Amino acid sequence: MISEQSWADARVLWDYHQMHHELRPCSVAIGLGSHDLGVADTAADLYKRGMAPLIVFTGATSPTTRERMPRGEAVHYRERALELGVPSLAVLVEPKARNTGENIRLSRVLLAEAGVGVTSVLLISKPYEERRAYATARALWPEVDIVSASARTTFDLYVNAIKDTRLVFEMLVGAVQRLLTYPAQGFMIEVAVPSDVTAAYERLCSAGFTGRLV
């Protein structure tokens, strides 16, 4: 059983992780690989709305995705986008990245090799990965504008859709830890972490939601 306090703390982290950027057309959309096919759904929707002429899906596999996405996260994302009506010529696949930093770096290389000029990136992630992805991209690709995007949903609806509450809680916690520790290692820019977020993070760690800590 998950306590009411842990649910409340998880909602604090959920709200913090979202950037609430106003969407606008960008040079390219980059969908960050994960266990959540909703990233591909969001990318397809934004493509159809004219927010980007090209999508890059990036990601290999991880312990979380190896069984459900055996061909690799980016490949499964592409298949999903094509099912939703995105033309194949509008999708590039970067199949090797195993973390957010590699997602950015390898996507950047892929686009350069394809001769795609990039001044702005529509960075599509899970809802609770927006801030981490943004901070990473700003550190590794500082010359482009970054617009964060994710599926528009509530915390409760998202947990119900994923059907693995502990996984979501642990992902929320792991993303905060990286925001606290990665800037000193040069992996992302420094971001402000409010005291209520830090307190919620520490309580969730104490409650045992530590499976995604590094």
Side-chain angles (χ1 to χ4, degrees), residues 13-14 16-21 26-43 46 52 55-66 68-69 72-78 92-112 118 120-151 158 162 167-193 197 201 209-214:
L13 269 53
W14 170 272
Y16 169 69
H17 283 310
Q18 296 181 54
M19 299 293 292
H20 303 291
H21 283 170
C26 294
S27 305
V28 64
I30 297 179
L32 304 181
S34 73
H35 62 89
D36 183 4
L37 275 175
V39 174
D41 293 355
T42 301
L46 293 175
I55 302 170
V56 174
F57 288 126
T58 168
T61 58
S62 71
T64 306
T65 62
R66 192 166 292 125
R68 69 183 77 183
M69 298 181 186
E73 296 156 6
V75 172
H76 282 265
Y77 276 18
R78 178 184 184 275
L92 297 178
V93 168
E94 185 296 295
K96 297 180 180 179
R98 297 185 181 278
N99 56 56
T100 308
E102 290 185 355
N103 288 143
I104 302 302
R105 287 194 299 269
L106 296 180
S107 294
R108 184 177 181 178
V109 170
L110 177 66
L111 288 163
V118 178
S120 56
V121 172
L122 186 61
L123 193 60
I124 306 169
S125 66
K126 301 184 295 296
Y128 53 85
E129 291 283 1
E130 279 194 25
R131 192 172 297 273
R132 173 189 171 191
Y134 175 83
T136 303
R138 292 295 298 127
L140 301 178
W141 207 350
E143 64 270 32
V144 302
D145 293 329
I146 304 295
V147 178
S148 297
S150 65
Y158 188 85
I162 295 299
L167 173 64
V168 176
F169 277 46
E170 290 183 342
M171 290 284 196
L172 288 165
V173 170
V176 172
Q177 184 205 34
R178 288 157 179 79
L179 287 168
L180 291 169
T181 61
Y182 277 9
Q185 302 175 54
F187 297 153
M188 61 177 64
I189 63 168
E190 193 85 34
V191 296
V193 183
V197 173
Y201 159 75
F209 295 103
T210 57
R212 301 295 296 184
L213 297 183
V214 293

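Because the structure is predicted, anything quoted here is derived from the model rather than measured.
Listed for the Ser27 side chain is a donor-acceptor partner under 3.5 Å among the backbone atoms of Ser120. When atom types are taken as modelled, the side chain of Arg132 and the backbone of Thr100 share no donor-acceptor pair closer than 3.5 angstrom. Formation of a donor-acceptor pair under 3.5 Å by the Arg98 side chain with backbone atoms of Gly59 is not found in this model. The backbone N or O of Leu172 lies less than 3.5 Å from no partner atom in the side chain of Tyr201, so there is not a single donor-acceptor pair.
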Could you give me the CA-CA distance, side-chain angles and deciding distance for Val28 and Val56, then say whether side-chain contact (heavy atoms from CB on, under 4.5 Å) is met? CA-CA 7 Å; Val28 64; Val56 174; 4.1 Å; yes
Applying side-chain contact (heavy atoms from CB on, under 4.5 Å) to Arg108 and Val118, what does each step give before you reach the verdict? CA-CA 9 Å; Arg108 184 177 181 178; Val118 178; over 6 Å; no
Give the intermediate values and the outcome of side-chain contact (heavy atoms from CB on, under 4.5 Å) for residues Met69 and Leu37. CA-CA 10 Å; Met69 298 181 186; Leu37 275 175; 3.9 Å; yes
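When side chains are defined from C-beta on, Arg131 counts as touching Met19, because their heavy atoms get closer than 4.5 Å. A 4.5 Å side-chain heavy-atom check between Leu92 and Leu111 finds at least one atom pair inside the cut-off. The closest side-chain heavy-atom distance from Lys126 to Tyr158 is below 4.5 Å. Side-chain contact between Ile104 and Leu123 is present, with heavy atoms from C-beta onward closer than 4.5 Å. Proximity of Gln177 to Val173: side-chain heavy atoms (C-beta onward) are nowhere separated by under 4.5 Å. Side-chain atoms of Ile30 and Asn103, non-hydrogen and from C-beta on, never get closer than 4.5 Å to each other. Two residues are said to be in side-chain contact when any heavy atoms from C-beta on lie closer than 4.5 Å; Leu179 and His17 meet this criterion. Residues Arg178 and Thr136 fail the side-chain proximity criterion, which asks for heavy atoms closer than 4.5 Å.
Tyr16 approaches Ala192 most closely through the heavy-atom pair OH-O, 2.8 Å. For Cys26 against Val147, the heavy-atom pair with the smallest separation is SG-CG2, 3.8 Å. Pairing each heavy atom of Leu32 with each of Ala133, the nearest pair is CD1-CB, 3.5 Å.
Taking the six-membered ring for Trp and thresholds of 30 and 60 degrees, His21 and Tyr134 have ring planes more than 60 degrees apart, a perpendicular arrangement. Under the 30°/60° scheme for interplanar angles, the aromatic rings of Tyr128 and Trp14 are found to be tilted. Ring geometry for Phe209 versus Phe169: interplanar angle of 30 to 60°, hence tilted.
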